[in-house]
Novice: 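Handing you a structure now.
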Amino acid sequence: MIIATWNINGVKARLESALAYLRQHSPDVVCLQEIKSVDEGFPTSAFQDLGYNVATLGQKGFNGVALLSKSPLEDVTRGLPGDELDQHARWIEASVALGDRMVRIVSLYLPNGNPIGTEKFAYKLAWMKRMQARAAALLEDEMPLVLAGDFNVIPESEDAKRPQAWVNDALFQPESRAAWRSLVNLGFTDATRACHPGPGVYTFWDYQAGAFQKDDGIRIDHMLLSSQAADLLRSSGIDRDTRAQEKPSDHVPVWIKLDS
DNA sequence: ATGGTTGCAAAGCAA
């Protein structure tokens with residue numbers, strides 16, 4: 001089973017690219033972020049035509065997450081628990097059959113948090129605290145669990161081409177990185193790092209200043225696997241070539257292959 | 001380099 005995650009930066013602007021990716025790679029499950037669409041505006045039928053079931057948590061103008069799956073999406077839940085007042089569309093969960101059992105999959109879009117020193121950064125840290133609680137609760141089910149999405153966290157210096165350029169950015173603050181480590185230390189495996197150690201492994205390149213041409217990237221799109229899921233991990237990858245295509249997202253797909 | 005680029009949606013915000 002192949003599970004991919006991709007911040008597509010607008011599903012309407014990226015529909016043809018997304019459909020081409022699905023036709024080429026045929027992932028079983030896809031976690032999308034930044035769909036930038038309300039549910040009614042999501043091109044559900046275009047994905048259904050390729051054989052996918054669709055679940056969305058949309059929002060007008062920005063944010064928004066979705067799950068696509070060839071097999072049915074069961075027990076879909078929308079929203080990150082812990083703050084009834086939080087209206088941002090950043091979290092959707094579903095269970096999908098994997099062989100003779102089920103895997104729980106989350107598509108998440110963690111707040112950017114810039115600029116630091118503002119309520120936006122406080123919101124990011126509060127959101128991560130809520131994520132920690134939800135992840136711990138999900139782990140108690142002892143079902144294979146995959147947290148996939150745009151975490152907006154650069155975990156280590158080697159996850160950036162120019163780490164010094166990010167020291168004042170919310171993505172690389174000590175508090176952001178500490179919250180990431182606490183999450184990982186619940187027992188998750190960083191799937192990309194398990195398969196691809198070392199520098200030069202990036203998932204995002206800014207649109208500005210020719211960042212991609214200079215390979216001035218960062219690794220912020222992650223797939224965290226519970227121990228039950230990590231036991232099934234066969235391989236993972238990053239599809240950088242999508243960043244070189246016409247009208248690309250600034251993020252590229254990250255994927256894992258699990259034994260079923 | 002106090003700019004630079006893109007999406008949404010129709011001016012300015014978010015990233």
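Numbered from 1 within each chain, the chains take letters A, B, ... in sequence-line order. None of these values were measured; they are calculated from a predicted model.
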Novice: Could you run down nucleotides 6-15 of chain B 5' to 3' and tag each one B, S or - for protein heavy-atom contact under 4.0 Å?
Specialist: SBSS----SS
Novice: Scan A:Asn152, A:Thr5, A:Asn7 and name whichever one has a side-chain hydrogen bond (donor to acceptor under 3.5 Å, both in side chains) with A:Gln33.
Specialist: A:Thr5
Novice: Would you please indicate if the ring centroids of A:Tyr207 and A:Phe212 are separated by under 6.0 Å?
Specialist: no
Novice: Please report the distance separating the C1' of B:dT6 from the corresponding atom of B:dA11, rounded so that it comes out in whole Å.
Specialist: 16 Å
Novice: Do A:Glu93 and A:Trp91 have side-chain N/O donor and acceptor atoms under 3.5 Å apart?
Specialist: yes
Novice: Looking at A:Arg193 and A:Glu158, is any side-chain nitrogen of the basic one under 4.0 Å from a carboxylate oxygen of the acidic one?
Specialist: yes
Novice: Using atom P in both nucleotides, what's the gap between B:dG4 and B:dA9 to the nearest angstrom?
Specialist: 25 Å
Novice: Determine the interatomic distance between P on B:dT5 and the same-named atom on B:dA10; round to the nearest Å.
Specialist: 24 Å
Novice: Using a strict threshold of under 4.0 Å (side-chain N to carboxylate O), is an ion pair present between A:Asp190 and A:Arg219?
Specialist: yes
